[in-house]
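As structure tokens, the structure follows; a few thoughts come after it.
Counting starts at 1 for both ligands and their atoms, following the listed order.
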Amino acid sequence: MADLKDRVEGLRKAFEAEALKVGDAKSLEELRTAFLGRKKGHVTLLFEDLKTVPAEGKREAGRLINELKESVTVRLDAIEGQLSLAWPSVSGTSAEAKLDLTLPGRKKYVGAAHPLVLFQQEIENVFLGMGFTIEEGPEIETDYYNFEALNFPPHHPARDSWDTLYIKDDLLLRTHTSPVQIRVMEKKKPPIRIIIPGRVFRRETPDPTHLPMFMQIEGLVVDEGATFAHLKGTLEYFIRALFGEKIKVRFRPSFFPFTEPSAEVDIECIVCGGQDKSCRVCSGTGWKEILGSGMVDPQVLKNVNIDPEKYSGWAFGLGIDRTAMFAYGITEMRHFYENDLRFIRQFGAK
Ligand code: DAH
């Protein structure tokens, strides 16, 4: 019995020494056969010898041999696992077969800004470069800031163009970023030169070009002697910075309660170049409206105690989502909010 115990220990040491030398699949198989081989494996032979052990020691001896067999098997499997992960050795066989060096590598993605955020930053950078600063305001607004101070009298029909989501009688989700103009003018005195990015909300049924939540960027300049020429020059500069020098821009008369005169700005359809009468982006008109603008109505300045005799202002509001759709040739606005990685990774993610 003592003799068998020594042999088990001796074999364990011998196995360890051999295991350290295994470097490829071939030597691994040799070692497996030497210890576990069905006829002449060292461990297998120990089981043969067990038959000669007297009855009272058999149980203990059997346990020792089984333990050895178990630890040898585990160790051999572990080595096999390591070999299959490692580079194939020049003489390797099965490890090499498991590693196909012609397969493309697996790409690791890191987080990146959302396409709309990237586009917003692009817009912001153009205005920051012209000396504008960034302001923000609340998404939940009162009727006063969203409408009344912007010169929408109560029950005025112009309110109907903003399909409003009300929380309570007097509390609503802002329908545009224009209320932040009022909030800033209440606190700061001219000269004012700001942009206001943010989310806005409207009662809309989602379709390819409408969503109940989208993004706008507002601009406001109030100063002595601010004119429509400044508005036009600044917006033209901005549009060319975003879409390139050659883009065609047009100003079209429009109406907003808080500006007088008002203008909407269209840019040439870069998707069809005005050539496709059935273009889904410009509906065949060749133009795409991207923003509303105008000279701040003197009544709005009075509402915030700025003297309209001394100061004048101009403002604009641009749809970030729709302009981004246009810039990237995307015909479905919902893509921006579905967070499908196949869509999102085409933009900022490296
Ligand atoms: N708030 C308007 C809208 O949501 C856009 C707009 C038009 C903003 C004219 C302005 C402006 O600041 O001057 O449709």
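- Short contacts between ligand 1 and G292, defined as distances under 4.0 Å to a heavy atom of the residue, involve ligand atoms 6 (C), 7 (C), 9 (C), 11 (C).
- Close approach of ligand 1 to G294 (heavy-atom distance below 4.0 Å) involves ligand atoms 13 (O).
- Under 4.0 angstrom from ligand 1, the non-hydrogen atoms of S293 all belong to its backbone.
- Remark: aromatic rings of F127 and F316 are close, center separation under 6.0 Å.
- Counting heavy atoms closer than 4.0 Å to ligand 1, residue W314 contributes nothing at all.
- Which parts of ligand 1 touch F256 is read off a 4.0 Å heavy-atom cut-off, strictly below it: atoms 7 (C), 9 (C).
- For R202, every heavy-atom contact with ligand 1 shorter than 4.0 Å involves the side chain, none the backbone.
- Residue contact check: Q181 has heavy atoms under 4.0 Å from atoms 12 (O) of ligand 1.
- In this structure, F258 has its ring center under 6.0 Å from that of H176.
- Under the 4.0 Å criterion applied to side-chain N and carboxylate O atoms, R252 and D266 are assigned as salt-bridge partners.
- When each atom of ligand 1 is checked for a heavy atom of S178 under 4.0 Å away, the hits are 1 (N), 8 (C).
- Under 3.5 Å, the side chains of E264 and S293 contain no donor-acceptor pair of N or O atoms.
- Taking only nitrogen or oxygen atoms, main chain and side chain alike, T259 does not reach within less than 3.5 Å of ligand 1.
- Within the structure, ligand 1 lacks E264 among the residues with a heavy atom less than 4.0 angstrom away.
- Looking only at distances, a side-chain donor or acceptor of E268 sits under 3.5 Å from a matching main-chain atom of K248.
- The closest side-chain donor-acceptor pair between T52 and D49, if any, does not fall under 3.5 angstrom.
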